[in-house]
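Just so it is clear, the structure is predicted and the values come from calculations on it, not from any experiment. Sequence lines set the chain letters: A, B, ... in the order given, protein chains first and strands last, and positions in each chain run from 1.
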2 protein chains.
Amino acid sequence: MSTPTGPRRRADAVRNRQLALEAATALLSEPGASLTVEAIAKRVGLGAATVVRAFGGKDALLDAAVSGLLEPLVRRARDLLAETTPTRALHVFLRELLAFQTAHHGVNDQLGGLDLPATTALRADLVRAVEEMIDGARREGTVRTDLDPGVTTTLIGQTALAVARAQPPSQELADAYLTVLLDGLRPPSAP
Amino acid sequence: MSTPTGPRRRADAVRNRQLALEAATALLSEPGASLTVEAIAKRVGLGAATVVRAFGGKDALLDAAVSGLLEPLVRRARDLLAETTPTRALHVFLRELLAFQTAHHGVNDQLGGLDLPATTALRADLVRAVEEMIDGARREGTVRTDLDPGVTTTLIGQTALAVARAQPPSQELADAYLTVLLDGLRPPSAP
DNA sequence: CGATAAGTGAAATGTGCGTTCCAGTTGATT
DNA sequence: AATCAACTGGAACGCACATTTCACTTATCG
């Protein structure tokens, strides 16, 4: 496929687009951030119009920002699945997922009414990867099989969201979640 | 204390106030409900102004509605503490708490930026009751003691919230949560 | 350079929502 | 029935945001 030659893009516009993306990404990790276009613009000394235009709308900007955060996480999940046993992948990944949610508190908070296609797709990838881990772990006998696999996945996802919503989010709380979740997911009579 | 004699209150105003409260309460249990003053008003055929005036503001209306839902739950928690052992109270109450969240999906969803004093107070009561259950259950040896009690309470509360946010909320999911949570909360080497 | 299209941001516009106004209506009291 | 304060709801207002406009600026290229 050939890169379609659109109208010329000026270097400063490209740089401003990058600045806006970084500002949005930074705000996503701050608990009380307002996440308005003006707030994002002010953070890098741009006008609101410039920020919006660079992405064609606020939704697209946030979609890009969230996707940028999610992408490495999805890659990590896939890598773990390839490198190690499902059980170990599940344990390691859950720890990292909860740490991610603790660090990027705002990622799932104010995003309710927005249309974020790339983010939605990445989330689906994440769910698929976790399902694979659970499926494998069940086969290995380290995860209980008396629950529906899909329900188990949802449970894990919602648990991750819950960590992000705690006030304040703390690593201690995330650790407690992980401990309880993993113990609760074990087969009722396993070591 | 004597009831302060304010201006006369007409019967239809009292009735409309009640209608508005019921409409708000009903909307709180509907997943996709918009929860705007207009939506509440339209539901009972009143004007938006009337609905707002009856409570002195949207926040006060929702505070009353949510409190009305929460009150029986708090009473139930206290009753269980008085009637039975902490362990049994914890198990029974958790099941009912999750059922409540499943039924009243919207209660915690769109309420972020609002000021709800009565609701906040009731929530604190609820937290206190659950803390008491956990404390007692720990003493009875049915809940693990390697986690901070406060963290354990937060964990339970966030789990309840997570149930409400699932799409769609189902009793099956709530049951799965309960199973995993209770198994995970047991001391690592208990039956 | 000089020409010109791309880019910029302050201000204008549009939208959704809670709240307030006010002219008209209605329940209560005598 | 007559009076009057309480009540009502459509319209106006205020506010917070996202988005668009447009006169001005600036990077880019011959």
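- Rounded to whole Å, the distance from CD on E38(B) to C1' on dT19(C) is 12 Å.
- Residues A49(B) and V14(B) each lie close to DNA chain D; by heavy-atom proximity, the contact nearer the 5' end of the strand is made by V14(B).
- Atom CG of N16(A) and atom P of dA6(C) are 17 Å apart (whole Å).
- Picking from dT21(D), dT20(C), dT19(D) the nucleotide with the shortest atom distance to the side chain of V37(A) gives dT19(D).
- The side chain of R53(A) approaches dT21(D) more closely than any other nucleotide in the set dA18(D), dT8(D), dT21(D).
- For T36(B) and dC17(C), the shortest distance from a side-chain N or O to OP1 or OP2 is not below 4.0 Å.
- Following rounding to the nearest Å, R43(B) (CZ) and dG9(D) (C1') show an atom-to-atom distance of 20 Å.
- The cationic group of R76(A) does not satisfy the cation-pi geometry with F93(A), failing either the under 6.0 Å distance to the six-membered ring centre or the 45° limit from the ring axis.
- Residue contacts shown for A11(A) are limited to sugar-phosphate atoms, with no base heavy atom under 4.0 Å away.
- Across the protein-nucleic acid pair, D12(B) atom CG and dA28(C) atom P stand 7 Å apart, rounded to whole Å.
- Nearest nucleotide to the side chain of R10(A), out of dT28(D), dT21(D), dC7(D): dT28(D).
- Regarding L114(A), its CG atom lies at a distance of 9 Å from the P atom of dA18(D), rounded to whole Å.
- Across all their heavy atoms, A137(A) and P86(A) have their closest contact at N-CB, 3.6 Å.
- R9(A) contributes no side-chain N or O that forms a donor-acceptor pair with the base of dG7(C) under 3.5 Å.
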Stepwise salt bridge (Lys or Arg N to Asp or Glu O under 4.0 Å) test for R139(A) and D135(A): CA-CA 6 Å; R139(A) 257 191 272 277; D135(A) 194 54; 2.4 Å; yes

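- Remark: R43(B) CZ is packed, more than 12 non-hydrogen atoms of other residues, nucleotides or ligands lying under 6.0 Å away.
- One interatomic measurement links the two molecules: CZ of R8(A) to P of dG30(D), which rounds to 8 Å at whole-angstrom precision.
- Considering only side-chain atoms of K58(A), the nucleotide from dA18(D), dT19(C), dT8(D) that sits closest is dA18(D).
- Remark: C1' of dA28(C) and CZ of R15(B) are 15 Å apart, rounded to the nearest angstrom.
- Side-chain atoms of A13(A) lie closest to dG7(C) of the nucleotides dG9(D), dG9(C), dG7(C).
- More than 12 non-hydrogen atoms from other residues, nucleotides or ligands lie less than 6.0 angstrom from CD of E140(A).
- Summarising the geometry, the separation between CZ on R17(A) and P on dA27(D) is reported as 20 Å, rounded to the nearest angstrom.
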